[in-house]
Amino acid sequence: MKPLPDIRGIIGACLTPFDDDGRIDFKALQQEIDFIVADASAISIGAVEAAEYTMLSIEERKELLRIGTEMVDKRIPVLLGASNPSPRSVLELADYAAAVGGDMVQVLMPLRPWGGQPTMGELIQYFTDIASSSPLPIVAYHNPAVGADPNIEVTIRFSEISNVQAFKESSRDIIKISRLI
């Protein structure tokens with residue numbers, strides 16, 4: 001497992017720009033990356049699940065991860081999106097992220113592939129399986145708008161899984177967030 005990068009400050013979320021044909025606009029991506037790198041301590045690429053997760057194939061996502069990492073050019077740590085309901089696909093993306101120079105992978109807490117909220121055991125097993133084989137540290141991403149919404153107990157259990165090293169909390173549920181803290 002790669003060591004956790006020293007990140008102190010803002011992790012800028014890079015929004016993947018698309019052109020009129022629904023393809024990644026790499027020129028706009030370079031401008032956005034340069035803007036974020038100027039003021040952030042780290043950057044996440046391909047990790048805004050509402051866009052990449054639903055609009056791009058695995059191969060297109062890999063291209064985004066590779067080119068985005070090249071554009072950052074080691075100026076700050078890079079978190080690369082590896083979300084997928086299938087642990088095999090997450091690990092394929094995590095292996096690729098490591099190969100192209102990523103520092104961490106961000107993985108959405110997923111809904112069940114057939115729909116609906118997963119059980120506590122299913123979510124714990126999902127992250128345990130991924131964490132045991134991922135070459136990079138994992139950021140567990142909580143965004144109930146597009147993924148699962150586990151209770152506080154499950155989130156605490158995630159923190160006990162080796163290689164789950166950080167959380168991105170996007171629920172906007174201030175009460176839940178205060179209880180987690």
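Hydrogens, waters and symmetry mates are skipped; everything else that's a heavy atom, side chains included, is used. This one's a predicted model, so the numbers in the text were calculated from it and none came from an experiment.
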- Message: I want to check something: taking the side chain as every heavy atom from C-beta on, are K176 and H142 in contact at a cut-off of under 4.5 Å?
- Response: yes

- Message: For the backbone of V72 and the side chain of R75, can you confirm whether one donor and one acceptor N or O come within less than 3.5 Å of each other?
- Response: yes

- Query: Closest approach of F127 and V164, non-hydrogen atoms and distance?
  - Reply: CD2-CG2, 4.2 Å

- Query: Quick check: does any side chain N or O of D19 sit under 3.5 Å from a backbone N or O of R23, one acting as donor and the other as acceptor?
  - Reply: yes

- Item | Close side-chain approach of L136 to N163, heavy-atom, < 4.5 Å | no

- Message: Count I, L, V, M, F, W, Y as connected when their side-chain heavy atoms are under 4.5 Å apart, and connections chain through other members. Are I10 and V78 then in the same cluster?
- Response: no

- Item | Flag side-chain contact, heavy atom, 4.5 Å: V107 against Y126 | yes

- Do the side chain of S41 and the main chain of R8 share a donor and acceptor less than 3.5 angstrom apart? yes

- Task: Indicate yes or no: does E92 engage K62 in a salt bridge with an N to O separation below 4.0 Å.
- Result: yes

- Whether Q106 side chain and A47 backbone form a donor-acceptor pair below 3.5 Å: yes

- Item | Side-chain heavy atoms of M120 within contact of P150, under 4.5 Å | no

- Item | Linked, directly or transitively: L111 and F167 (ILVMFWY side chains, under 4.5 Å) | no

- Item | Side chain proximity check, F26 to M71, heavy atoms < 4.5 angstrom | yes

- Beyond-backbone contact of S159 with R157, side-chain heavy atoms, under 4.5 angstrom: no

- Item | Exam field: side chain S134 to backbone I130, donor-acceptor pair closer than 3.5 Å | no

- Item | Cluster overlap I33 with F18, hydrophobic side-chain contacts below 4.5 Å | yes

- Within a strict 4.5 Å, meaning less than it, do heavy atoms of the I138 and Q165 side chains meet? no

- Message: Strictly distance-based, threshold 3.5 Å: is any side-chain N or O of E32 a donor or acceptor partner for the main-chain N or O of T16?
- Response: no

- Message: Taking D129's backbone N and O only, do any of them form a donor-acceptor pair with S132's side chain (distance below 3.5 Å, no angle check)?
- Response: yes

